[in-house]
Amino acid sequence: MTDRYDFKSIESKWQQRWEQEKSYKVSEDPDREKYYVLEMFPYPSGRIHMGHVRNYSIGDVIARYKRMRGYNVIHPMGWDAFGLPAENAAMKRGIHPAAWTYDNIDYMRSQLKAMGLSYDWDREIATCNPKYYRWEQFIFLQMLEKGLVYRKETTVNWCSDCKTVLAREQVIDGACWRCDQQVVPKTMHGWFFKITDYAEELLQDLDKLTGWPEKVVTMQRNWIGKSQGLACDFQVEDSKEKVTIFTTRPDTIYGVTFMSLAVEHPLIEQLIKGRKQEKEVRAFIEKTLLEKQRAAADHEPDKHGIFTGSYCINPYNGERVPIYVANFVLMEYGTGAVMAVPAHDQRDFEFAVKYNLPIRPVVQPQETELVAETMEAAFEQPGVLIDSGRFTGMESAEAKQRIIDHATAKGFGKALITYRLRDWGISRQRYWGAPIPVIYCEKCGIQPVPEEQLPVVLPGADSPDGAHAPLHQQVDFYTTTCPKCGGAARRETDTMDTFVESSWYFARYTSPRNDQAPLDPRAAAYWLPVDQYIGGVEHAILHLLYSRFFTRVLRDLGYLEIDEPFTNLLTQGMVIKDGAKMSKSKGNVVDPSDLIERYGADTTRLFSLFAAPPERDLEWNAQGVDGSSRFLNRVYRLIHQHLDCFNDSTNCDFTALDTVNSQLYRKTHQTIARVTDSIESNFHFNTAISAVMELINLISTLSADDTKSNLEPAVVKEALEITIQLLYPMVPHFCGEMWEITGHDTALDHRPWPEVNTEAAREEEITIVIQVNGKVRSRLQAPADIDSRQIEEMALSDERTTQFLQGKKPKKVIVVKGKLVNIVV
RNA sequence: GCGAGAGUGGCGGAACUGGUAGACGCACUGGAUUUAGGAUCCAGCGCACCGAGUGCAUGGGGGUUCAACUCCCCCCUCUCGCACCA
């Protein structure tokens, strides 16, 4: 035997075996309870990085653990394969995006296989495959039919150099992230998913997500951003027009002293026409629009505004209210018009101070009295109404309701709920995405591509030198005939946002080769929802919200029976090095392949699990990897040292062990308990590994030469067998091999997880801590079942303790059974 | 600004419903063995004092308690998310 295990041959041996035997292929089995564990699928960027290693190691431990627990575990993997980087790489290297993508997939698949991950590779999907996006197009059409998709014109960020729409994240200081060209707003048509139809349900059901991190739930709640309030019409003076405002504070409506409109508000034109302010206001609007375009995301511009020359009437008190245009009012939210109450809204307060507008308190706090002249900030809390007509004297909460009721009764307003959530714009002017399956006919208008003509295939993707220009430049692609009238027509040339693919892939995994429907409802009903989903917190909003939306859409289309796709969510921390996230630009990247080459997959996995609990950031430490490697070699040597125990057939009475043997027996069962608990409660594999290390340390200590003869082979054998079983989900090749060389012929995947013998795990003797005035002064050994009176007696007669008492009489003695005694003097 | 989370040795991190702070690992120090080792084994390792020992220690300051990393109040720092949402 050598003193280090040969990870190379062991790992390739087991990987081959798993592959040949299809060890992790699963199918529906109504007699067994299923468990669906899923890691967010990767974008095939070229090589896997440490974040992937961490993500998939965590998932694989859970998959293997649950398998040992007897579950029918589905653990699939695939590729989020559409996206802009493929097009960029293609441009740069003169190859086709499809070729680049599929090459990357092949390489990364081999990297994942080298990690020994227990996937059912027969379920592998790549979203750029027409067999996948065909069904995405199908779902799109079903949604279109149901009115969940619509086309509208909006303003987008356009880069004139790259000739494409940019996502908001791709606009840096007003310029394109790639070519640095100034981004311009452009009005164009696009397709939208009506996610806002589900806003309320998506919000309400967040309460059901008890298996999600609070943080993610909160982020989604804020993102949906529900506000309840009053929509109320203010009649424009000397005009037929009305300004409709939205407020969440109807209780402050008697404190309105002016009105603010967004610069884009459609009414402005009429308000200023022919007035002396006309020119000035136009100039202001133009300037503000420019400013908005340029505004960096990280600072708020100062508040500016300008009087339009018009007034409107507060329907509650009949007062004339001057109408302003202000740069801080958003057209996209509410109604684009805000009633300004400087006394109770900080922005309005600042604006009023700047432009010398009146401040009128109408809600009084409990303790103090607000006086307009001395206010230094708005009072934004609820309180009791004053100077508010018939509502004076009411509490804010009641007043809100009464004021809304009043508006409803009089017909100039109503209760309104608004959401921050916008409909999801999915049109992209890029090549490498799923084509949107509609046809434009001059005569018949927008026509869905007939189902039997799906998929609308991306042209050129099947040959390496095929065309990959944006579809609107590919005449052969967009020239078609109308499915209705047969006349000349034009295909939609936009492709879908890549987030669409990832919004339902987890469901497709349940019947990945189905060519009759997007999903097999029976398979979906068996496997879904995903029991444990694992991925980076950067997807907390978009991907996870879209998936929740799609799940409901697929439910309403009759494919799914569930509301929520992911029962439990684990958001893993980043892998960092030298205090920063690993990135090429920082030059602190560790390539997982180098590690696997040098230390093996098991060591790499073990370290990524041991260095930090999953939800925290993991600081990469090269020496820490050595430590993990050392540990495995230590286990390896220890097993070899005790190989004879596995052949020993001496009878052993586990109920009558001597001190040394019962110590090991006890520790073994305590370790099972600790490891099981660490995994079950919060997936803190770091403490699970620590526990096994302690067990190994004990076996080492006890098997040092002078005491070895005392150890019972059966006790050592049990300890080592359990070590191997407990470590198996984390370091599967190593443990598979150890299991085999210790004479077992059933694969560990089919061995049940070890059971704790609670009797054996119980300590016989415990350490009782003696405190004097709360400070530890002494420790005593006592039998575990000692009662409080006896402990107290022992403590008071303890020599060290009496020294500290210096003859003083105890005022009080607190005894915590099995733990400590505190003597107060 | 708002929201969420986190501050524990030289480092990563332990500590159950308040009850021995620092498990486990890394680094470091001393020793053994070795031709050699980035191998292995033994011992030490929060800080202060020469020390058995004692005192001080979980971001800072108060408080509750016999007892606080843990509970309460105030403050500081860091990370992440949202960012004029009416």
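Proteins come first, then strands; the chains are lettered A, B, ... in the order of their sequence lines, and each starts at number 1. What you see is a predicted model; the values in this text were computed from it and never measured.
One atom, CZ of R634(A), and another, C1' of C24(B), lie 11 Å apart when rounded to the nearest Å. A straight line from CG of N222(A) to C1' of G5(B) spans 14 Å, rounded to a whole angstrom. Straight-line distance from the CD atom of E350(A) to the P atom of G1(B): 13 Å, rounded to whole Å. Taking atom CG of D345(A) as the reference point, atom C1' of C85(B) lies 11 Å away to the nearest angstrom. Between the CD atom of E380(A) and the P atom of C85(B) there is a distance of 9 Å, rounded to whole Å. Between the CG atom of D677(A) and the P atom of U17(B) there is a distance of 10 Å, rounded to whole Å. Rounded to whole Å, the distance from OH on Y419(A) to C1' on A86(B) is 17 Å. Between the CG atom of N686(A) and the C1' atom of G12(B) there is a distance of 10 Å, given to the nearest Å.
Here, C11(B) and G46(B) have their C1' atoms 13 Å apart, quoted to the whole Å. Rounded to whole Å, the separation between the P atoms of G55(B) and C71(B) comes to 28 Å. Distance check on atom C1': U8(B) versus C69(B) gives 7 Å, rounded to whole Å. Taking the P atoms as reference points, G18(B) lies 33 Å from C26(B), given to the whole Å. Comparing the C1' positions of A15(B) and U20(B) gives an interatomic distance of 11 Å, to the nearest angstrom. Rounded to whole Å, the separation between the C1' atoms of G19(B) and A52(B) comes to 28 Å.
With its glycosidic angle within 90° of 0, G9(B) is assigned syn.
Here Q771(A) lies in heavy-atom contact (under 4.0 Å) with a base. D348(A) comes within 4.0 angstrom of nothing in the nucleic acid, heavy atoms only. R422(A) comes within contact range of no nucleotide atom at all, as no heavy-atom separation falls under 4.0 Å. Using a 4.0 Å heavy-atom cutoff across all strands shown, V341(A) reaches no nucleic acid atom at all. As judged by a 4.0 angstrom heavy-atom cut-off over every strand, R630(A) is placed among residues touching the sugar-phosphate backbone only. V816(A) comes within 4.0 angstrom of a nucleotide base, judged by non-hydrogen atoms across all strands. Nucleic acid contact for P613(A): sugar-phosphate only, since backbone atoms but no base atoms lie under 4.0 Å from a heavy atom of the residue. Across all strands, G225(A) comes closer than 4.0 Å to no nucleic acid atom at all (heavy-atom distances).
Judged by closest nucleotide on RNA chain B, E694(A) is the one of N773(A) and E694(A) placed further toward the 5' end. With RNA chain B read from its 5' end, the first of the two nearest nucleotides for T218(A) and G624(A) is the one closest to T218(A).
For R616(A), a side-chain nitrogen or oxygen approaches OP1 or OP2 of A14(B) to under 4.0 Å. OP1 and OP2 of G53(B) both lie 4.0 Å or more from every side-chain N or O belonging to R777(A). Under 4.0 angstrom from either OP1 or OP2 of A39(B) there lies no side-chain N or O belonging to R4(A). OP1 or OP2 of C66(B) lies within a sub-4.0 Å distance of a side-chain N or O belonging to K812(A). Note on S700(A): every side-chain N or O is 4.0 Å or more away from OP1 and OP2 of C41(B). At the phosphate of C85(B), OP1 or OP2 sits under 4.0 Å from a side-chain N or O atom of R347(A).
The main-chain N or O of T687(A) is never found under 3.5 Å from a side-chain atom of R674(A) such that the two would form a donor-acceptor pair. Under a 3.5 Å cut-off, the side chain of S629(A) and the backbone N or O of V625(A) do not form any donor-acceptor pair.
Side chain K811(A) to base C66(B): no donor-acceptor pair is found below 3.5 Å.
Electrostatic pairing of R347(A) and D345(A) counts as a salt bridge here, judged by a charged N lying under 4.0 Å from a carboxylate O. Salt bridge status for R249(A) with E380(A): absent, with no side-chain N to carboxylate O gap under 4.0 Å.
Classification of the Y546(A)-W424(A) ring pair by plane angle, with boundaries at 30° and 60°, yields parallel. The aromatic rings of F7(A) and Y5(A) lie perpendicular to each other, with more than 60° between the two planes, well past the 30° mark.
When distances are taken from the side chain of F610(A) to each of C26(B), G12(B), C85(B), the shortest belongs to G12(B). Of all nucleotides listed (A39(B), G19(B), C85(B)), C85(B) comes nearest to the side chain of R420(A).
The side chain to side chain contact (heavy atoms under 4.5 Å, CB included) test with I359(A) singles out one residue from D348(A), V353(A), T257(A), and that residue is V353(A).
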